[in-house]
Amino acid sequence: MSDKVFRLYDSLSRTVKPLVTQEPNHLRFYSCGPTVYSYAHIGNFRSFITSDLIVRTARALGWKVTWVSNITDVGHLTQDDVADAGGEDKMERALRSKEGEHFNNVWELAEYYAEAYRNDWARLNLTEPEIRPKATQHVREQILATNELIEKGHAYETPTGVYFSVESFPNYGRLSGNTRDNLMDAVRDVVLDDNKRDQADFAVWKKDDKHLMQWYSPFGWGFPGWHIECSVMARAYLGDTIDLHSGGEDNKFPHHECEIAQSEALTGKQFCDHWVHTRFLLVGGEKMSKSKGNFYTVRDIFERGIEPLALRLALMSTHFNKELNFTEQTLADAAGNIQRMKRADAAADAALEAARLGPDELGETLATLYDEALDAMCHDINTSVALAKALEGAKSISREADKLSLASATSAKKFLDQINDLLGIVRGVAEVPVPVAETKVDEALILSKIEERTAAKKAKDFAKADEIRNELLAMGIELRDTPNGVEWSAKS
RNA sequence: GGUGCCGUGCCCAAGUGGCCUAAGGGGAUGGUCUGCAAAACCGUUAUUCGCCGGUUCGAAUCCGGCCGGCACCUCCA
């Protein structure tokens, strides 16, 4: 068990403070997952990777972690804002869209995108949460919670649904600054709904017997509000009070603000004392949005033949509480760094096999570097420094690549294993098939050309050798003469 | 109206008042290797941290003011 202190920026107190757990060395952690109405985009995963890194750091400290990350498959509305839970359900809208035509019903659509999400998750090498609950699996608890809120005087029924009374919860607005009064002053137009006692009140249950996903409740047919699902699932798996809660910055309001209000109104206890919100990702200096045409799903990037770990590294290259401007350069830099890590790993493997005699010349240096990397992670998930340490270690391994003793190689391997556990940037998990970029190369032709060139080189006909090399280059094939023979790869 | 973030070399980016004459990556540029390349590896690359004041023995780091950029409270993590 490490005696290091794990410090994390908390958006509730707006300070960096130690992450304390109720039960020593056991972190109870809830992070908001996606609404599965489409493929996850790279911004979604930046936020998930923050959670992943927190979990990895906690485990590296020897903590036990119970991580719950939900999947929202009902109730997340297109205009789930302060004025009212308005708009339509995202799942329903998705079914009506062009992509939605592939599905027989909204349930199939949800399952398809949930599966795609888990697949992206694995490729990006995120650790698996202990529990991945779905909102639709917990509707009964949501109904019970709704009832309980009414009984306790925190919610009331109207002809359109059940609403949470913001006035009944004085702490409302503590997280986001959007107190009831501030909301009233908001510049945004407020949609008036005469059914609500107060325009700041938000929906806990929506009455709707036309909805594609509906359940029977004491309030008739309908479906649960978006916020109540997380209140209920966090409580079901982690108890009344949890240690840490995370999500994207847009979750802060209204989602998390409402979640706190509901949970604390239900239990009378503090819901969560430590909140982490990952800031948005910009693409080309602008907010990523479908309308601007700079919107990328994780799959879009993979389909270009980009190494998934490179995307992972690119997404974790900047602190979570700072916007990340995602560019081609970010991705290219990350890809280069992943190569460095992999080269060091390959060098260590080779040296392990060669089993050369000699002292361990790396052990001490690498142990220090790992310790510094872990320190960096404990200092508010400082990925930049942790990565720098990882690369420094990789460098010192690669530097001696061909001379590493068995003892050094063993130390090198240990370091790379530790770094991989902490940052997940050395080896991907089980090879998830990745779509190959459309190189469509004629391998036989290339090999014969290479052979031809090798013969020319042997005959010292370098002009011809160079000619063949240029010919291949024009085809997009790059050659490298290495001690182990000629290597080739598609030029990126 | 509310809530936050950021301005550090050509680019990305760390920096927890003194070990900062400021990590790390990219690029550029020398070199080793190579028939030449490529790749790899080894060097070099900010007396300076948006601007102006202040606190301090000492500030990129704290305080105040100014200038500039951005985000959330719409779709969206």
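Convention: sequence-line order gives letters A, B, ...; per-chain numbering from 1.
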For [N] and [M], measure between their [atom1] atoms and round to the nearest Å.
| N | M | atom1 | answer |
| --- | --- | --- | --- |
| B:A23 | B:A60 | C1' | 14 Å |
| B:G53 | B:C10 | P | 24 Å |
| B:C11 | B:G27 | C1' | 7 Å |
| B:G26 | B:A40 | P | 9 Å |
| B:A13 | B:A71 | P | 16 Å |
| B:C42 | B:G24 | P | 12 Å |
| B:U44 | B:G4 | P | 44 Å |
| B:C6 | B:G50 | P | 13 Å |

Restricting both atoms to N or O, compile the protein contacts to nucleotides 5-9 of chain B shorter than 3.5 Å, with distance only.
none

Any side-chain N or O of A:Arg469 under 4.0 Å from OP1/OP2 of B:A38? no
What is the pairing partner of [N], taking Watson-Crick or G-U wobble pairs with both distances under 3.5 Å in any strand?
| N | answer |
| --- | --- |
| B:C66 | B:G50 |
| B:G30 | B:C42 |
| B:U3 | B:A71 |
| B:G18 | B:C57 |

B:A77 base / A:His41 side chain donor-acceptor hit below 3.5 Å: yes
For A:Tyr237 and A:His138, take the angle between the two ring planes, folded into 0 to 90°, and tell me which bin it lands in: parallel under 30, tilted 30 to 60, perpendicular over 60. perpendicular
Whole Å only: how far is the [atom1] atom of [X] from the [atom2] atom of [N]?
| X | N | atom1 | atom2 | value |
| --- | --- | --- | --- | --- |
| A:Arg399 | B:G43 | CZ | C1' | 12 Å |
| A:Asp250 | B:U3 | CG | C1' | 14 Å |
| A:Glu372 | B:A14 | CD | C1' | 13 Å |
| A:Ile468 | B:A38 | CD1 | C1' | 17 Å |
| A:Asn251 | B:C75 | CG | P | 11 Å |
| A:Asp10 | B:G4 | CG | P | 12 Å |
| A:Glu328 | B:C12 | CD | P | 16 Å |
| A:Phe462 | B:U34 | CZ | P | 13 Å |

Is a salt bridge present between A:Lys413 and A:Asp349, judged by a nitrogen-to-oxygen distance below 4.0 Å? yes
Check this for me, if you would: do A:Glu115 and A:Arg118 make a salt bridge, where the nitrogen-to-carboxylate-oxygen distance has to be below 4.0 angstrom? yes
When the ring centroid of A:Phe164 is compared with that of A:Phe202, is the distance short of 6.0 Å? yes
Categorize [X] for me: base, sugar-phosphate, or nothing, with a 4.0 angstrom heavy-atom threshold over every strand shown.
| X | value |
| --- | --- |
| A:Ser176 | sugar-phosphate |
| A:Thr318 | sugar-phosphate |
| A:Gly247 | sugar-phosphate |

Checking contacts here: which listed nucleotide (B:G2, B:C72, B:U16) is nearest the side-chain heavy atoms of A:Asn178? B:G2
Might you work through the side-chain hydrogen bond (donor to acceptor under 3.5 Å, both in side chains) test for A:Tyr296 and A:Tyr39, ending with a clear yes or no? CA-CA 10 Å; A:Tyr296 298 106; A:Tyr39 293 115; over 6 Å; no
Residue pair A:Glu249/A:Thr330 against RNA chain B: nearer the 5' end by closest nucleotide is A:Thr330
For A:Asn382 and A:Leu175, take the nucleotide of RNA chain B holding the closest heavy atom to each; which residue's nucleotide lies nearer the 5' end? A:Leu175
CD (A:Glu167) with more than 12 external heavy atoms under 6.0 Å: no
Compile the donor-acceptor pairs under 3.5 Å between side chains in residues 323-330 of chain A and protein atoms, sequence neighbours left out, one pair per line.
| from | atom 1 | to | atom 2 | distance (Å) |
| --- | --- | --- | --- | --- |
| A:Asn325 | OD1 | A:Gly284 | N | 3.3 |
| A:Asn325 | OD1 | A:Gly285 | N | 2.7 |
| A:Thr327 | OG1 | A:Gln329 | N | 3.3 |
| A:Thr327 | OG1 | A:Thr330 | N | 3.1 |
| A:Thr327 | OG1 | A:Thr330 | OG1 | 2.8 |
| A:Glu328 | OE1 | A:Arg304 | NH2 | 2.8 |
| A:Glu328 | OE2 | A:Arg304 | NH1 | 3.2 |
| A:Gln329 | NE2 | A:Asp333 | OD1 | 2.7 |
| A:Thr330 | OG1 | A:Asn325 | O | 3.4 |
| A:Thr330 | OG1 | A:Thr327 | N | 2.9 |
| A:Thr330 | OG1 | A:Thr327 | O | 3.4 |

Side chains of A:Thr127 and A:Asp52: is there a donor and an acceptor less than 3.5 Å apart? yes
Check whether the side chains of A:Glu229 and A:Thr72 place a donor and an acceptor atom closer than 3.5 Å, and report yes or no. yes
Test ring-ring contact (aromatic ring centres under 6.0 Å, His included) applied to A:His256 - qualifying residues, sequence neighbours left out: A:His245, A:Trp275, A:His277
For A:Lys134, salt bridge (Lys or Arg N to Asp or Glu O under 4.0 Å) partners two or more places apart: A:Glu111
With sequence neighbours excluded, residues passing side chain to side chain contact (heavy atoms under 4.5 Å, CB included) with A:Ser263: A:Ser231, A:Phe271
For every nucleotide of nucleotides 22-27 of chain B, 5' to 3': is a protein heavy atom under 4.0 Å from its base (B), only from its sugar-phosphate (S), or from neither (-)? -BSBS-
